[in-house]
There are 2 protein chains.
Amino acid sequence: MAPSIDELSVSTIRGLSVDQVNAAQSGHPGAPLGLAPAAHAVWRRMKFNPQDPKWINRDRFVLSNGHACAMLYSLLYLYNYDLSIDDLKQFRQLNSKTPGHPERLDTPGVEVTTGPLGQGISNAVGIAIAQKQFAATYNKPDFPISDAKIFCFLGDGCLMEGVSSETSSLAGHLQLDNLIAFWDDNRISIDGDTACAFTENVPERYKAYGWHVLEVPDANTNIDAISAAVDEALEITGKPVLIRLVTTIGFGSKVAGTGGVHGAPLKADDLKQLKKSWGFDEESNFFVPSEVASYFAEKVEENKKVQAEWEKLFAAYKEKYPKEGAEVQRRLDGKFPDGWKDNLPTFTSKDKAVATRKLSEGVLDYLYGVLPELIGGSADLTGSNLTRPEASTDFQPPSTGLGDYFGRYLRYGVREHGMGAIMNGIDAFGAHYRNYGGTFLNFVSYAAGAVRLSALSHQGVIWVATHDSIGLGEDGPTHQPIETLALLRAMPNTSVWRPADGNEVSAAYVAAIEGVDHPSILALTRQGLPQLEHSSIEGALKGGYTVWPVEGKADIIIVSSGSEVSISVDAAKLLAEKKGLKTAVVSIPDFFTFDKQPIEYRLSLLPDGIPILSVEVLSTFGWSKYSHEQFGLNRFGASGKAGDLYKFFDFTPEGIAERAEKVVAFYKGKTVGSPLHSAFEETK
Amino acid sequence: MAPSIDELSVSTIRGLSVDQVNAAQSGHPGAPLGLAPAAHAVWRRMKFNPQDPKWINRDRFVLSNGHACAMLYSLLYLYNYDLSIDDLKQFRQLNSKTPGHPERLDTPGVEVTTGPLGQGISNAVGIAIAQKQFAATYNKPDFPISDAKIFCFLGDGCLMEGVSSETSSLAGHLQLDNLIAFWDDNRISIDGDTACAFTENVPERYKAYGWHVLEVPDANTNIDAISAAVDEALEITGKPVLIRLVTTIGFGSKVAGTGGVHGAPLKADDLKQLKKSWGFDEESNFFVPSEVASYFAEKVEENKKVQAEWEKLFAAYKEKYPKEGAEVQRRLDGKFPDGWKDNLPTFTSKDKAVATRKLSEGVLDYLYGVLPELIGGSADLTGSNLTRPEASTDFQPPSTGLGDYFGRYLRYGVREHGMGAIMNGIDAFGAHYRNYGGTFLNFVSYAAGAVRLSALSHQGVIWVATHDSIGLGEDGPTHQPIETLALLRAMPNTSVWRPADGNEVSAAYVAAIEGVDHPSILALTRQGLPQLEHSSIEGALKGGYTVWPVEGKADIIIVSSGSEVSISVDAAKLLAEKKGLKTAVVSIPDFFTFDKQPIEYRLSLLPDGIPILSVEVLSTFGWSKYSHEQFGLNRFGASGKAGDLYKFFDFTPEGIAERAEKVVAFYKGKTVGSPLHSAFEETK
């Protein structure tokens, strides 16, 4: 019997995938061989337009087991995305469009960057949240302008990672019935049979989370059964769906069902017998039967019509609902509302001392009113992070009575890593969402895996990271960050704001909201901070500026951030008064922004000839790029009252002044160059 | 009816706990009020000796919901640990023995440092693994020298964190029937009712993991029911047990059952009515009825006898099994076997180029033979990390046929964070375990929350972190660390070894194995590295030393680590040959160790008067403490062949030489001071 077009399509996907791995002599052939039927079954019913891969109402496909990317690239090629057969041949080569794991910025049609396990399924939960929120906000009777579904493939590795547990539990709670996940149950991970470490009952676990679970026992071959399961899944309401696909890793290969086929190219004779088994010439390479090419071309045409119909619908929507239509259009255009930042809070030194987390709350309240695309939440620290805009509704299934899907406040639960990955998903949905999540700064580390993907794939998510130092007090060293800012500042493409007062908080939010292509972490205090005399939004927006100027040449410059800036200013006053030393204070609320300023500007703040002391009650690691001497906390903190701790560690005007004096004395008569000078024009 | 001694004991625990919080006007009264009956029921049957809190066969109690520590301190006080009533009165004060979350180093009787949610239960899994392994290794017929049980309390927050999902799944797989966990099901978290974010079916989830689940519906009051559940749990074999305790947060208080009682002191009138309800004087404070004091004193005496009997048993064991007895005694004494490091691999430059992960495998093979306390594993990357000693047996339930409990190789699954927390638990068990876990360096970030607790609580765990740079090649930027070493180097009390060749790998292991009071991360290459002419174990053990000396004064010094050291040496040769420039190369395999060397030694390597260039194919963040100029990678990597990537990013002898030349030219005629100088003697 001749193979059906579907079987032939599956064989083509399999063939292109293993040929990529073979060409590179690197990569993962096992998962594509097992998953190709499911991929075909899903993709042939998904709606999307390869010529407009960002179309807002496309169905999304997330490959959480990102190592199977050869399969994804095969699909993108067959569906005529901007990816050529030559791109497939360049699989895993430098500067190709087909990197070793899928990257959102490199390859049209890749929704999110995956590979680090557990992230993709968690991103998918975020995309599903965004879709629900968008639909609940803008859909109107007879105008379902948003009804996209989210399909996600994941493997055993993703299921073992805690981050997927966090987000799967939340997805069940949130009743995200727009999400269908497919578990590639191939019983093999890198260490061999999953029997060695992963023997839990996954379907029962997911049922416990509130998911609906379906099973396809013969997913290596039974495309119809997979399709039937998808049909059934699409009918389920009030629950996300997990479809268990029982597959064989490396299906059809001589090493099928073994760990050997997971991450190593197939041998030449194995490739041959595989191709033969599909009815292909055994010498063929990157082969696409003409009927398969036609089949996919036809699918693409059908899909274009789907989008065209949606465009008509949306045009009518804009006519009938001009206000909402304009707002959606603005968001799709990636534009901010006019004047959105006109009325941000500003402060003078006459205003009272306030914790920057509290000032953040004020800004969020304001932004909530002017930015319908603002959505946020907290990892179960709402009352501490102060992240909930007063006017907001919780994002909850209406049936819970606790909120609605149009709500813009997310109760993440104690799930920092999951929150980080979900934020990436919300961002990846599109529609200009500006989304933030709150936790203690110390626990952003729990989510480091997600934050680095935000940075790598240019996702402009915002962390409201409060309790940013020993200033949190009694909770003690388990909760007091020391090394956290070093991690985040060392991360490429990442803003780390540590504002010193109200004006700097407003600046940090402007930069973070506008920073759509990189994550921003806002490190905020628990404790009150005075409003500085010379702080300004404009200054802070440069990443660094002088908050305590002196007349003439300074004897010493203190560079500082956040809660230590005002103490440094007090130290400067003390030094002037008691020691006759002129001390300028430079606030550097964000290294990332400061480093982008022209060197002339930076040198004007940190010039030659003046010793520079950095003051920050965190690890000094990294501060030597701006300073000759560092005063920080290169040990863990302690449990006690915040005031007691600052005194104990000498972060007082007196303690800082004493060190500044030592610095002045030490550099007296020595040639002091600015640390900003570099022998290189740039570092790659 | 007069209260029973048990009821009175529970009231006393409750009273001491809320009085601590009240004295501090800070802390968490809610959980202690709800959990005191369970705590009492468990502690009265645990075996332990307050005068010998490290007795190896004590039962362990882990408070995973660490914010409930006032309750733990109350118990430790009542059971006559080295903790006075005055210590309780100093709750959450600077330098007290009663910090805001339990800290292993501060308070005798605290097994592990908890507070960051999800860690404690995961530590408990590690302790249970260690106990099983210890028992399987040393117990003999009629000599059950190890039969301790591990009891762990946890709250909803712990259950929401992914790390607990990872370790609970593994605990089920490993059939750890020595572990009994108690879920404080009080339905309140910081954001209020758990209905807002946590509605999964926890018992069903744990059953899916392979746990046995029991329920106590009236755990606020029914001490007998809790005891009966513990009895039942102790009889369960082949499964860990989760006991669901239905409690009321803040039980008895006027704000019982609300979020308000979670993390804020009770009001004065509420305290009064509570005390009255217990039959205490309503003005009493830190009150312990005399019959309660006697009761606990008696318990302590009984417990001492339990240990005394064990000591007798162990003495007889040593007589009957002198070899094993001596080994156990040595381990309990915290001593290494004589000569354990006598035959570590050493290399000369004639030896062939080898990847440091492969060299690590050789060292692990050697150490496995000489250190019975060595136990390790990998997060499902065994074949990549090369972490499995050839002679080892897997740690597995015998019934699986895959190994045995005496096995010393752990299959962690794809659970990096869980692995980190379990390693802390294995370390906390005692018995001198030296334990390591393998993953890619990039994914140590997933476990940052656990690593920081290793550092804070002085747990000498070892991370075998392979694939430590773009040198991993085709897997691409999702897998290539950039910022990871900055995080780890900025973490206090943490060694981060990045060895350059075989001798340095041996040195790194010596230091890591001997480093029982801090975590060590070994960053190792995927790609082969040549054996250096002047490398040595002795040099590397200083954290930094010259690997390429020059005669007379150098024109420039290159400081480097790991895979870039040999390229820097090649650059030095090139510079000498082509440009007549004298270039010394200093290898700094571990900042933490190097920083501890006398300043004279450090200055001899990085002296005044010579410009210093750092070379490392990772973020330059932090390197300015050792160098004037930095060559690194302040962007994410790329997918491609390792060789292509090193060329693309210019990490070649030519690329480094070109930069070195620029540095020499830039500093010509300028005064160059060593970056090691400091105006301060020390930084706190």
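Numbers restart at 1 for each chain; the letters A, B, ... are given by sequence-line order, proteins then strands.
Only the backbone of B:Q480 has a heavy atom closer than 4.5 Å to any heavy atom of chain A. Proximity to chain A (any heavy atom under 4.5 Å) is shown, for B:L159, by neither the backbone nor the side chain. Contacts between B:N95 and chain A at a heavy-atom distance below 4.5 Å involve backbone atoms as well as side-chain atoms.
Summarising the geometry, atom CG belonging to B:L381 is positioned 4.5 Å from atom CD1 belonging to A:I190; distances are rounded to the nearest 0.5 Å. Here B:S445 contributes atom OG and A:L487 contributes atom CG; the two are 6.5 Å apart, rounded to the nearest 0.5 Å. Between atom CG of residue B:D380 and atom SG of residue A:C196 there is a gap of 6.5 Å, rounded to the nearest 0.5 Å. Separating the NE2 atom in A:H67 from the CG atom in B:D475 is a distance of 10.5 Å, to the nearest 0.5 Å.
Of all heavy-atom pairs spanning B:L170 and A:A197, the tightest one is CD1-O, 4.0 Å.
Side-chain contact between A:E629 and B:S678 is present, with heavy atoms from C-beta onward closer than 4.5 Å.
Between B:K207 and A:E204 there is no salt bridge, since no side-chain N of the basic residue sits under 4.0 Å from a carboxylate O of the acidic one. Between B:R452 and A:E483, at least one side-chain N (NZ, or NE/NH1/NH2) sits under 4.0 Å from a carboxylate O, which counts as a salt bridge.
Taking the six-membered ring where tryptophan is involved, the planes of A:H479 and B:H101 are essentially parallel, since the angle between them stays under 30° and well short of 60°.
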